[in-house]
Amino acid sequence: MLSSEHTRRDAELRAIRRRQPYAIDVDGLRIWVAEDVFPPDLGYSPRRLAAVLGRYTPRRALDMGCGSGYLALVLSKNGAREVWAVDKHPPAIACTRANVARNPPLRVRAVESDLFSSIDPSTTFDLIVFNQPFYPSTAPRGVFGMRRDGGRAIIERFLIQARGFVARDSVILMPFSQMAGAENDPGAIAARLGYTSRIVRRDDDGPHAHVIHEIRARGRAS
Ligand SMILES: C[S@@+](CC[C@H](N)C(=O)[O-])C[C@H]1O[C@@H](n2cnc3c(N)ncnc32)[C@H](O)[C@@H]1O
């Protein structure tokens, strides 16, 4: 259901888009936010996910829906040996590559792909972070991948495909705000699909809780 809060958020998104492109320093990283690429300083999810990433020590990690590449760079900075960044939006991949070049010696493999479609099925990841497009958008063509359904369809598709790309004991991290509507909650969708999940961070933002889900698959051995 679309509320006045959603409409207001869409207006904020459009205002941010008007000031793009711009450069910011965040977590010691120099990030270029290209035109039409999701800004990592928008909303709470990117910074809160980045903080949670520090608790894990993956060998091979994936930033699904990488936007500017901010979370992929955080993973590389934290010491992950191999970091992949995937987005289906070509400007996001170009922006991620530009940001890797701006932050030596960090290394990230950026791949244009609709979810896992361009990733070799023999590849497995210890950690996947997906700041998925959520919030029902009122913009006619969506903004940064957000659509009117509030995320449910992409979350389902992602979690179904992810089963083939996770190693035993892998974790998947996904944010959620109650503002997006219970039907778009990755924790509930994951449970329906046979994953286990728990909340590893919770912030109460006014009337709506913002959470980060840690979703675990009963994956295959790496
Ligand atoms: C909310 S933004 C997150 C960007 C970045 N990870 C961050 O936290 O700043 C969601 C990203 O998912 C990407 N996306 C949407 N649908 C996708 C799909 N089917 N496959 C890959 N990426 C997708 C969008 O292009 C967008 O860059």
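None of the values given here were measured: they were computed from a predicted structure. All heavy atoms count here, side chains included; hydrogens, waters and symmetry mates do not. Atoms within each ligand, like the ligands themselves, are counted from 1 in listed order.
Checked by atom type, the side-chain pair Asp185/His213 shows a donor-acceptor distance below 3.5 Å. Side chains of Tyr70 and Asp27: a donor on one and an acceptor on the other come within 3.5 Å. Using modelled atom types and a 3.5 Å distance limit, the side chains of Tyr22 and Glu35 yield no donor-acceptor pair.
Those atoms of ligand 1 that come under 4.0 Å of a heavy atom in His89, given as number and element, are 25 (O). Those atoms of ligand 1 that come under 4.0 Å of a heavy atom in Asp114, given as number and element, are 18 (C), 19 (N), 20 (N). Short contacts between ligand 1 and Ser113, defined as distances under 4.0 Å to a heavy atom of the residue, involve ligand atoms 20 (N), 21 (C).
Distances shorter than 4.0 angstrom occur between a heavy atom of Pro133 and an atom of ligand 1.
Of all the heavy atoms of Ile154, the ones lying under 4.0 Å from any atom of ligand 1 belong exclusively to the side chain. Residue-level proximity to ligand 1 for Cys66 is carried by the backbone, the only part with a heavy atom below 4.0 angstrom.
Remark: Leu159 CG to Phe130 CZ distance equals 9.0 Å, nearest 0.5 Å.
Here's the thing with Pro46: none of its N/O atoms is less than 3.5 angstrom from an N/O atom of ligand 1. Among the atoms of Asp87, some N or O lies under 3.5 angstrom from an N or O of ligand 1.
Nearest-heavy-atom check against atom 10 (C) of ligand 1 across Asp63, Asn131, Leu115, Asp36 picks out Asn131. Checking Lys88, Arg157, Arg48 against atom 23 (C) of ligand 1, the nearest heavy atom belongs to Lys88.
Hydrophobic clustering (side-chain heavy atoms under 4.5 Å, transitive across Ile, Leu, Val, Met, Phe, Trp, Tyr) keeps Leu29 apart from Trp32. Neither Trp84 nor Ile93 shares a network with the other; the hydrophobic side chains, linked directly or stepwise wherever heavy atoms of I, L, V, M, F, W or Y lie under 4.5 Å apart, form separate groups for each.
Environment of CZ in Arg157: crowded, with over 12 heavy atoms of neighbouring residues, nucleotides or ligands closer than 6.0 Å.
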